[in-house]
Amino acid sequence: MERRYIAAVKPLEQHILQVDFVSGSRLLLDMKPYLDKIRFRPLSDPQVWSSAVTNGIFIRFSNVELSHDEILYMAEQEH
């Protein structure tokens with residue numbers, strides 16, 4: 001049985017990442033605060049930003065990868 005947490009991902013304007021979970025929940029994650037970090041700098045490139053895909057567990061932008069757990073952790077830090 002394959003685990004899936006993320007149903008879909010959509011990179012929006014202003015570096016907002018829309019993450020739709022299989023539970024039906026939707027998260028809008030502001031990625032702007034992370035763009036100055038070495039790991040996330042490639043996301044400043046519009047072509048890389050628009051390349052977001054998911055396999056249900058990870059979100060990938062070219063060579064930048066975020067796990068389901070990391071996305072939830074980042075969302076918790078915003079509040």
Side-chain angles (χ1 to χ4, degrees):
M1 184 171 131
E2 184 180 319
R3 291 185 194 170
R4 287 183 45 94
Y5 304 105
I6 303 168
V9 62
K10 183 177 180 181
L12 304 175
E13 293 182 12
Q14 303 294 318
H15 288 95
I16 303 296
L17 184 63
Q18 177 181 308
V19 183
D20 294 329
F21 295 96
V22 296
S23 66
S25 298
R26 175 173 284 171
L27 171 66
L28 297 176
L29 182 63
D30 184 357
M31 293 295 295
K32 286 185 294 296
Y34 302 98
L35 297 179
D36 64 341
K37 310 286 189 264
I38 291 173
R39 179 177 169 209
F40 296 113
R41 249 182 232 151
L43 301 183
S44 296
D45 178 335
Q47 190 171 2
V48 173
W49 176 250
S50 65
S51 72
V53 294
T54 185
N55 65 359
I57 298 173
F58 293 94
I59 294 174
R60 290 189 182 98
F61 302 84
S62 185
N63 63 347
V64 177
E65 186 174 83
L66 293 163
S67 72
H68 163 261
D69 291 336
E70 187 173 18
I71 292 162
L72 294 178
Y73 176 80
M74 292 166 79
E76 288 175 358
Q77 299 309 304
E78 289 186 349
H79 300 289

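What you see below is based on every heavy atom in this structure, not just the backbone, and it leaves out hydrogens, waters and symmetry mates.
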* Asked: For the side-chain contact (heavy atoms from CB on, under 4.5 Å) test, which of Lys10, Met31, Lys32 pairs with Ile16?
  -> Lys32
* Any donor-acceptor pair under 3.5 Å from Trp49 side chain to Phe61 backbone -> no
* **Sidechain-backbone polar pair: Arg39 side chain, Glu65 backbone, donor-acceptor under 3.5 Å** => yes
Measuring from atom [atom1] of [X] to atom [atom2] of [Y], what distance do you get when rounded to the nearest 0.5 angstrom?
{"X": "Ile59", "Y": "Ser51", "atom1": "CD1", "atom2": "OG", "result": "11.5 Å"}
{"X": "Gln77", "Y": "Tyr34", "atom1": "CD", "atom2": "OH", "result": "6.5 Å"}
{"X": "Leu43", "Y": "Ser50", "atom1": "CG", "atom2": "OG", "result": "11.0 Å"}
{"X": "Asp69", "Y": "Phe58", "atom1": "CG", "atom2": "CZ", "result": "8.5 Å"}
{"X": "Asp45", "Y": "Leu35", "atom1": "CG", "atom2": "CG", "result": "11.5 Å"}
{"X": "Ile6", "Y": "Leu66", "atom1": "CD1", "atom2": "CG", "result": "8.5 Å"}

* Asked: What class does the angle between the rings of Phe21 and His68 fall in, given that below 30° is parallel, 30 to 60° is tilted and above 60° is perpendicular?
  -> perpendicular
* To do: Determine the minimum heavy-atom distance between Lys37 and Pro33, stating which atoms define it.
  => NZ-O, 4.1 Å
* What do the steps show when you test Arg60 against Asn55 for side-chain contact (heavy atoms from CB on, under 4.5 Å), and what is the final call? -> CA-CA 9 Å; Arg60 290 189 182 98; Asn55 65 359; 3.6 Å; yes
* Are Leu27 and Val53 linked, directly or through other ILVMFWY residues, by side chains that come within less than 4.5 angstrom of each other? -> no
* Would Val22 and Val9 show up in the same hydrophobic cluster when neighbours are defined by side-chain heavy atoms closer than 4.5 Å? -> no
